Colleague: 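What follows is a single structure, and I will ask about it in a moment.
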Amino acid sequence: MPDGAYDPETVESTWQERWVDEETYAYTGDGSADPDTHYAIDTPPPTVSGDLHMGHLYQFTLQDFVARFHRMRDETVFFPFGFDDNGIASERLTEDELGIRHQDYERREFQQLCREVCTEYETQFRENVRDLAISVDWTQTYQTIEPRVRRVSQLSFLDLYEQGREYRERAPTIWCPDCETAISQVETEDDERDAQFHDIAFSVVGGDEFVISTTRPELLPACVAVFVHPDDESNADLVGERARIPLFGHEVLIREDERVDRETGSGVVMCCTFGDQTDIEWYQAHDLDLRVAIDESGTMTDVAGDYAGLSSDEAGEAIVTDLEEAGALRDRRDITHTVNVHERCGVGVEFLVTEQWYVRLLDKKETYLEAGREMDWYPEKMFTRYKHWIEGLQWDWAISRQRSSGIPFPVWYCADCDEVVTADRDSLPVDPLSEAPPVDACPACGATEFVPEDDVFDTWATSSLTPLINAGWDWHEAAADGAAADDADPAALGGEFRMDSPELYPVDMRPQGHDIISFWLFHTVVKCLEHTGEVPFDSVMINGMVLDERREKMSKSRGNVVEPDEVLSEYPVDAARYWAAGSAVGDDLPYKETGLKAGERLLRKLWNASKLVESLAPEPVERPDDLQALDRFLLAELDSTVEAATEHFERRAFAKARDELRTTFWHTFCDDYLEIAKGRLRGDDDPSAAWTLRAAHERFLRLFAPVLAHVTEAVWQDCYAAERDAESVHLADWPEPLGVTADRAAGERAMAVVGALRRYKSERGLPLNDPLDEVVVHGDVEGFERAIARVMHAESLSTTTASADVEEVVTGVDLDYAAVGPAYGERVDDIDAGLEAGDYEFDTDGALLVADERLDPDLFEVERERRFEGEGTLLDAGDAAVVVR
RNA sequence: GGGCUCGUGGUCUAGCUGGUCAUGACGCGGCCUUUACAAGGCCGAGAUCGGUGGUUCGAAUCCGCCCGAGCCCA
């Protein structure tokens, strides 16, 4: 090992490069091997929308712990990396980066610009991920926009369509009149807006009038019904009557529905197609007419009569003026209310009826729920979210988007009869806008004109296929001579779906954030299950979010964002990894600089201790037949740590694994064992100590390797690579317990004695190497006497079990409440009182007599204090006592 | 508005099925130059476990309500 302090900058960049160059993390499996020896991870492909942030660092690092742990457990780990670059996020990035609008470009031209911008960001992102030592196999990568993935995505569409799991329907969608596109629910946000509430008088046909309050008078021409709440007695007489719409004159039925908010306005509400989400629900639930008054650009349609051609805002003002003139406007007042706006442009959304493609979900909710139950959830509680999401599902999944960039539907429609014509599987990927359909004439009506579908897939429709993308799922045409097979069997018609790497499916672990359980996870389960009949994941690991130092969400608007760049310019990557290992999986983790500092200190400790080990035992030694008591004790302690750490890693309890290792390494190994080993090995030949020192040290390196990837590799290469048959510590075997037997009790007692003597010196302001004349240990520390004497510089050390000059007096009784409570119930208070008052004694059998009760000896422990009358000072060392003279 | 989650010393955190001195880290104070590490070691102070009511002999732990925070969905 090099002299001097640990230099993470050099070490980390050196190894990051070597791991990639030497393909240390290459997936080496093949389809023929046993799936139990493979561990596949469905790495979340980041959306290409900007730079790497702390959430990425955290999430990828947690995944890396799992990858490294399983790789060391002799599994071939498949840890791929993808980019999700076919969606809106990437379009937006491109627009922002280049200062353009997609509407101003030809579709292909804009797509090209997206590719260029994304490629740049992806290159940078990839480097950043490498610099975090994420042990991804960089030969296994994909982009969701690449041809292979487009093919998979279109194949998926065709397969579901042929299975009858997809349909096309005219239905309301969320529409941004400014951007002139359909948008999805997730792209909208709530915003507080000032508005005016207008009280408008409606007349009942052949009767009185009633008042409706609305902020959207321009929607009057789109009114198709009026609703009152079924419990609303004051308006109950309206139900069943017909209402005439002021100014427009058309009549609508007055109905009742529980979704009416009785508190707002008069409790009577108009339903327009469409003003808001509730209108859509009413439209569908009550099978209402469709009156579209506002078109795609926010302009009034012919339905608006005289107002046609005005913008909706202008129409609103004009209608209010006319209502006032007609005497139908009863009141207007300013209010603040919440409206749904497009998060990107801030313009309030409209709801339009358009033709969309859907994936059928609602008929198989129980199936998808059961699939969720079959997966192992880390943490378990996250299953609840999945469950509630499915139970609350009301809609099938709309997968079509009216966007510039994205994967096109492989579909054309007959210009005459609207018959759906799908692309041939072997022609995929296709772009129907530039390619002809596979038929010359419509199979239904014989017409020869076709209209291409110009919608693209929702980005989740593709990202929900990542397990299949990774496993190389594809359609294989049958060989030419197989064409004669029974044409009733769809597979025999022309081929079958196969995977290039079937051993990768189902995937062992899906890691992801809890915010997208309802999107990515659920949709992946649905799609993969429908395509393969198998649940895609054995386990799911859900990570929390990174919060700021004050436990608040990081966001640009709050200005509390911490950039990975800043962190990593000040701290080693291993320190950041140490910090990331500080949470229970699923919990949010606040960014804490002290957490990184603690990691940095551990790196330094590990480095310095390693230098000492190397100087004490520079060469490999044969394992002696007999190991000394202290060595056996250390190895036995280490065995416990190996078992505990292994279990913690298996359960994804990273913080517990980390802290368990740190504690044993720092205190048992460094503070206790190493200090003693110095005395045994300096100038002396002690094969037992030399072998044990190296064996333990080498195991600590392996145990720390998943978390502290760089420093362990650097040390391990210098000290152990030559004698071990692995090119990297990350390819070495995960430690198994050695099964060394030791007198653990005597060892712990001995360590307690050392601790007591250290304290003794410290309290007296003595240097730790200050000599002690005589030490007498009252207690069994057999086999450890020399070690204690040497490390504490005791001239003479003797042990005795006879405590002639040490007298023990009873100072109290410690009840075992877990046993006493159930047995004595209410009497416990009295027993406590008796003990407190010192009003108790013991009988000849050792039973406790207190508060008129007799407690057997197994219900309590007697607290004793040692009194020492002889010469010297008495120290407490757990169940041993030490006298120093 | 609904669902889920979280709330433990100054800060972060352990504490599964209730058992009585609540774990550890960081920070803080004091002491110790010990030939790996003073960026180390030892010791110490610091918590009525968000609030409140209940179940129980006994509650950080179980239940109700309230307050605060976060995520998802309306």
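In what follows, chains carry the letters A, B, and so on, assigned in the order in which the sequence lines appear, proteins first and then strands, with residues in each chain numbered from 1. Note that the coordinates shown come from a computational prediction; the quantities given were computed from them, not determined experimentally. The figures that follow rest on heavy atoms only: side chains count, while hydrogens, waters and symmetry mates do not.
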Colleague: Mind checking the P distance from B:rG41 to B:rC37? Whole angstroms is fine.
Modeller: 12 Å

Colleague: Within the structure, does a side-chain N or O atom of A:R682 lie under 4.0 Å from either OP1 or OP2 of B:rA36?
Modeller: yes

Colleague: For A:W666 and for A:E675, locate the closest nucleotide of RNA chain B by heavy-atom distance; then report the residue assigned to the nucleotide nearer the 5' terminus.
Modeller: A:E675

Colleague: Under 4.0 Å, counting only non-hydrogen atoms across every strand here, what does A:D829 touch: a base, just sugar-phosphate, or nothing?
Modeller: sugar-phosphate

Colleague: At 4.0 Å (heavy atoms only), tell me whether A:W607 reaches a base, stays on the sugar-phosphate, or touches nothing.
Modeller: nothing

Colleague: Under 4.0 Å: is that the gap between some side-chain N or O of A:R759 and OP1 or OP2 of B:rC42?
Modeller: no

Colleague: B:rC31 pairs with which nucleotide, Watson-Crick or G-U wobble, both distances below 3.5 Å?
Modeller: B:rG41

Colleague: Could you work out the separation of B:rG27 and B:rA39 based on their P atoms and round it to a whole Å?
Modeller: 12 Å

Colleague: Using the P atom as the reference point in each nucleotide, state the distance between B:rG68 and B:rG51 in Å, no decimals.
Modeller: 15 Å

Colleague: Do other residues, nucleotides or ligands put more than 12 heavy atoms under 6.0 Å from the CZ atom of A:R827?
Modeller: yes

Colleague: Heavy atoms only, 4.0 Å cut-off, all strands: where does A:R827 land among base, sugar-phosphate and nothing?
Modeller: nothing

Colleague: Among the nucleotides B:rC32, B:rC37, B:rC72, which one has an atom lying closest to any side-chain atom of A:F519?
Modeller: B:rC72

Colleague: P atom, B:rU33 versus B:rC42: distance in rounded Å?
Modeller: 16 Å

Colleague: Here's a test for you: under ring pair (Phe, Tyr, Trp, His ring centres under 6.0 Å), which of A:F351, A:Y283, A:W175, A:W282 qualifies with A:F274?
Modeller: A:Y283

Colleague: Sort out the partner of B:rG64 for me: Watson-Crick or G-U wobble, both distances under 3.5 Å, none otherwise.
Modeller: B:rU52

Colleague: Measure OH/A:Y571 against P/B:rA39 and give the value in whole Å, please.
Modeller: 15 Å

Colleague: May I ask you to check whether A:W377 and A:Y386 place their ring centres under 6.0 Å from each other?
Modeller: yes

Colleague: At under 4.0 Å between heavy atoms, what does A:K656 touch on the DNA or RNA strands: base, sugar-phosphate, or nothing?
Modeller: sugar-phosphate

Colleague: Could you measure between the two P atoms, the one in B:rC49 and the one in B:rC4, and give it in whole Å?
Modeller: 26 Å

Colleague: Quick check for you: among B:rC6, B:rA36, B:rG41, whose closest atom lies nearest to any side-chain atom of A:R758?
Modeller: B:rG41

Colleague: B:rG30 P sits how many Å from A:R764 CZ, rounded?
Modeller: 21 Å

Colleague: Does A:K605 contact B:rC37 through a side-chain donor or acceptor facing the base, at a distance under 3.5 Å?
Modeller: yes

Colleague: Consider the side chain of A:H514, meaning its heavy atoms from C-beta on, and name the nucleotide among B:rU33, B:rU5, B:rC71 that approaches it most closely.
Modeller: B:rC71

Colleague: What is the distance, rounded to the nearest whole Å, between atom CH2 of A:W377 and atom C1' of B:rC16?
Modeller: 20 Å

Colleague: Does OP1 or OP2 of B:rU13 have a side-chain N or O of A:R662 closer than 4.0 Å?
Modeller: no

Colleague: Ring-plane angle category for A:F665 and A:F704, please: parallel below 30°, perpendicular beyond 60°, tilted otherwise.
Modeller: perpendicular

Colleague: Taking the side chain of A:R601 as heavy atoms from C-beta outward, which of B:rC26, B:rC71, B:rG19 is closest to it?
Modeller: B:rC26

Colleague: If I take atom CH2 in residue A:W389 and atom P in nucleotide B:rU5, what distance separates them, rounded to the nearest angstrom?
Modeller: 18 Å

Colleague: Of the options B:rC4, B:rC43, B:rC57, whose atoms approach the side-chain atoms of A:T384 most closely?
Modeller: B:rC4

Colleague: Would you indicate what A:K678 reaches in the nucleic acid, counting non-hydrogen atoms under 4.0 angstrom: base, sugar-phosphate, or nothing?
Modeller: base

Colleague: For A:M1 and B:rC37, give me the distance from atom CE to atom P, rounded to whole Å.
Modeller: 13 Å

Colleague: Provide the Watson-Crick or G-U wobble partner of B:rG10, both distances under 3.5 Å; none if there is no partner.
Modeller: B:rC26

Colleague: Looking at every strand, decide which applies to A:I517 at a 4.0 Å heavy-atom threshold: base, sugar-phosphate, or nothing.
Modeller: nothing

Colleague: Starting the side chain at C-beta, find the nucleotide from B:rC57, B:rA36, B:rC12 nearest to A:L612.
Modeller: B:rA36

Colleague: Need the pair for B:rG1. Rule: Watson-Crick or G-U wobble, both distances under 3.5 Å, any strand; none if unpaired.
Modeller: B:rC73

Colleague: Give me the distance, rounded to whole Å, that separates B:rC26 from B:rG64 when you measure between the P atoms they each carry.
Modeller: 39 Å

Colleague: To the nearest angstrom, how far is A:E391 atom CD from B:rG2 atom P?
Modeller: 18 Å

Colleague: Can you tell me how far P in B:rG53 sits from the matching atom in B:rC73, rounded to whole Å?
Modeller: 38 Å

Colleague: With RNA chain B as reference, determine whether A:D832 or A:S615 sits nearer its 5' end, using the nearest nucleotide of each.
Modeller: A:D832

Colleague: Determine the interatomic distance between P on B:rC28 and the same-named atom on B:rC21; round to the nearest Å.
Modeller: 31 Å

Colleague: May I ask you to say whether A:D770 pairs ionically with A:K761, meaning some side-chain N is under 4.0 Å from a carboxylate O?
Modeller: no

Colleague: Taking A:R854 first and then A:D852, would you say they form a salt bridge - that is, a charged N and a carboxylate O separated by under 4.0 Å?
Modeller: no

Colleague: Just to be sure I understand the rule, does A:D671 reach a base, reach only the sugar-phosphate, or reach nothing, if contact means heavy atoms closer than 4.0 Å?
Modeller: sugar-phosphate

Colleague: What is the distance from CH2 of A:W520 to P of B:rC71, rounded to the nearest Å?
Modeller: 21 Å

Colleague: Return the value, rounded to whole Å, for the distance between atom CD of A:E380 and atom C1' of B:rU17.
Modeller: 13 Å

Colleague: Might you confirm whether atom CD of A:E9 has over 12 heavy atoms from other residues, nucleotides or ligands at distances under 6.0 Å?
Modeller: no

Colleague: Output the single nucleotide from B:rA36, B:rC43, B:rC12 whose closest atom is nearest the side chain of A:P590.
Modeller: B:rC12

Colleague: In plain terms, say whether A:E366 and A:R373 are close enough for a salt bridge, that is, a side-chain N and a carboxylate O under 4.0 Å apart.
Modeller: yes

Colleague: For A:E593, does the CD atom have more than 12 heavy-atom neighbours from other residues, nucleotides or ligands under 6.0 Å away?
Modeller: yes

Colleague: Phosphate oxygens OP1/OP2 of B:rA36: is one of them under 4.0 Å from a side-chain N or O of A:R604?
Modeller: no

Colleague: Would you classify A:R385 as touching base, sugar-phosphate or nothing, given that sugar-phosphate means primed atoms plus P, OP1 and OP2, and contacts are heavy atoms under 4.0 Å?
Modeller: base

Colleague: Side chain of A:V828 only, please: which of B:rU5, B:rC57, B:rC32 is the nearest?
Modeller: B:rC57

